Amino acid sequence: MLNEQMTFSITEVGTDSAELMTLVSELDTFQSGLYPAESNHCLDLSAVKDEQICCVIMRDSKGMAIGCGAVVLQGAGIGEIKRVYIRPGYRGRKLGEKIIAYLEEYAVDSACHLLCLETGIHQEPAISLYLKCGYKTCEAFPPYAKDPLSVFMRKSLNAIS
């Protein structure tokens, strides 16, 4: 059982981080069990230029990587939240909210005024997380097409700065 007094930290990492790749692989495995390949919109983080992306790892007090997330800056003040994941044993501690808040702050500091994201209809905890963080459902946005297995969301960052 996890110690209730455990502390967590967030660190920016490169797209080539082995810990990040491990967490993303776990997320991909989870999502491939929920959706067909054509509805799995998995971004290869290493394919994004370093100046367009911020990847983070969340660690527990022992230094173990237990979660991740990224924001991809798309230009014109728009960004996309990608690859938010918390290992199952650490869920229910509002860690996803901390990752989202970090990524939003990074986006604001990078002159972003709108964040978008795509998640799947079978990921109710993720949808709840994003709603709690102020995201609202919207239509599909580029590069996505409408997908009955996807939920598209967005949030204006004007009030955050």
Side-chain angles (χ1 to χ4, degrees), residues 8-32 34-35 37-59 65-87 90-91 94-121 123 125-147 149-161:
F8 301 92
S9 62
I10 296 177
T11 309
E12 291 182 25
V13 297
T15 56
D16 60 349
S17 162
E19 291 171 311
L20 179 64
M21 288 185 224
T22 297
L23 290 164
V24 166
S25 177
E26 289 175 21
L27 175 58
D28 287 350
T29 298
F30 170 72
Q31 289 178 327
S32 69
L34 296 176
Y35 308 103
E38 63 273 9
S39 290
N40 258 320
H41 306 290
C42 302
L43 174 67
D44 176 2
L45 298 176
S46 66
V48 181
K49 294 177 185 174
D50 289 342
E51 62 272 10
Q52 292 178 289
I53 192 166
C54 173
C55 299
V56 298
I57 295 281
M58 177 168 274
R59 299 181 199 291
I66 56 97
C68 63
V71 61
V72 178
L73 305 174
Q74 299 176 335
I78 299 171
E80 183 179 359
I81 298 288
K82 298 295 290 181
R83 304 309 210 154
V84 175
Y85 174 71
I86 302 291
R87 285 187 163 147
Y90 291 86
R91 293 178 186 161
K94 302 198 180 296
L95 302 177
E97 286 91 331
K98 291 178 189 208
I99 289 174
I100 295 295
Y102 188 100
L103 296 172
E104 288 176 350
E105 187 174 318
Y106 179 91
V108 167
D109 290 347
S110 300
C112 224
H113 60 82
L114 179 69
L115 281 178
C116 303
L117 64 88
E118 180 275 338
T119 191
I121 63 169
Q123 292 169 264
I127 295 167
S128 292
L129 164 68
Y130 298 129
L131 289 170
K132 284 180 202 169
C133 291
Y135 289 79
K136 309 279 186 222
T137 57
C138 64
E139 295 298 316
F141 53 88
Y144 304 100
K146 187 173 181 177
D147 183 335
L149 298 179
S150 288
V151 175
F152 300 96
M153 304 179 97
R154 63 192 301 161
K155 178 180 181 178
S156 171
L157 300 179
N158 294 339
I160 292 177
S161 55

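As the structure is a prediction and not an experimental result, all values here were calculated from the model. Below, each value reflects all heavy atoms present in this structure, side chains not excepted, and no hydrogens, waters or symmetry copies.
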Report summary line: Between E139 and F152 the two heavy atoms that sit nearest each other are O-CB, 3.6 Å
Query raised in the report: So, Y85 and Q31: side-chain donor and acceptor under 3.5 Å apart, yes or no?
Result: no
Report task. Decide yes or no for R154 and L115: does some side-chain heavy atom of the first lie under 4.5 Å from some side-chain heavy atom of the second? Result -> no
Query raised in the report: With a 4.5 Å heavy-atom cut-off, do K155 and E104 have their side chains touching?
Result: yes
Report task. Please examine the side chains of M58 and K98, heavy atoms only from C-beta on, and report whether any two atoms are closer than 4.5 Å. Result -> yes
Query raised in the report: Do you know the tightest heavy-atom contact between L20 and C68?
Result: CD1-CB, 3.7 Å
Query - Spatial distance of atom OH (Y35) from atom OG (S150) [nearest 0.5 Å] - result: 7.5 Å
**Report entry** Salt bridge R87-E26, side-chain N to carboxylate O under 4.0 Å
**Finding:** yes
Query raised in the report: Do Y135 and I127 have side-chain heavy atoms sitting under 4.5 Å apart?
Result: no
Report summary line: In terms of heavy-atom contacts, L23 and G67 come closest through CD1-O, 3.4 Å
Query - Qualifying residue, where the test is side-chain contact (heavy atoms from CB on, under 4.5 Å) with V56 and the options are V84, V71, I10 - result: I10
**Report entry** Closest contact, heavy atoms only, L129 versus G96
**Finding:** CD1-C, 3.7 Å
Query raised in the report: Have E97 and Y130 got a donor and an acceptor in their side chains that come within less than 3.5 Å?
Result: no
Query - E118 bridged to K82 by N-O distance under 4.0 Å - result: no
Query raised in the report: Once you round to the nearest 0.5 Å, how far does OG of S110 lie from CD1 of I53?
Result: 12.0 Å
Requested in this report: Please round to the nearest 0.5 Å and tell me the distance separating atom SG of C112 and atom CD of E105.
Outcome: 13.5 Å
Requested in this report: Locate the shortest heavy-atom distance separating F141 from M153; write the atom from each residue and the value.
Outcome: CE2-O, 4.1 Å
Query raised in the report: Just by distance, do the side chain of S17 and the backbone of V13 share a donor-acceptor pair under 3.5 Å?
Result: no
Query raised in the report: So do the side chains of I81 and C116 get within less than 4.5 Å of each other, counting heavy atoms only?
Result: no
Query - Expected output: side-chain S25 to main-chain M21 donor-acceptor under 3.5 Å - result: no
Query raised in the report: Does some side-chain heavy atom of R83 sit less than 4.5 Å from a side-chain heavy atom of D28?
Result: yes
Query raised in the report: Under the side-chain contact (heavy atoms from CB on, under 4.5 Å) criterion, do R59 and T11 qualify, and how do the steps go?
Result: CA-CA 8 Å; R59 299 181 199 291; T11 309; 3.9 Å; yes
Query raised in the report: Between Y102 and E12, is any side-chain donor less than 3.5 angstrom from a side-chain acceptor?
Result: yes
Report summary line: Between the CG atom in L103 and the CD atom in E80, the distance rounded to the nearest 0.5 Å is 12.0 Å
Query - Closest heavy-atom pair and its distance - I57, A65 - result: CG2-CB, 3.6 Å
Query raised in the report: Does CD in E51 sit with more than 12 non-hydrogen atoms of other residues, nucleotides or ligands closer than 6.0 Å?
Result: yes
Requested in this report: Look at the rings of Y90 and F8 and say which category their plane angle falls in: under 30° parallel, 30 to 60° tilted, over 60° perpendicular.
Outcome: perpendicular
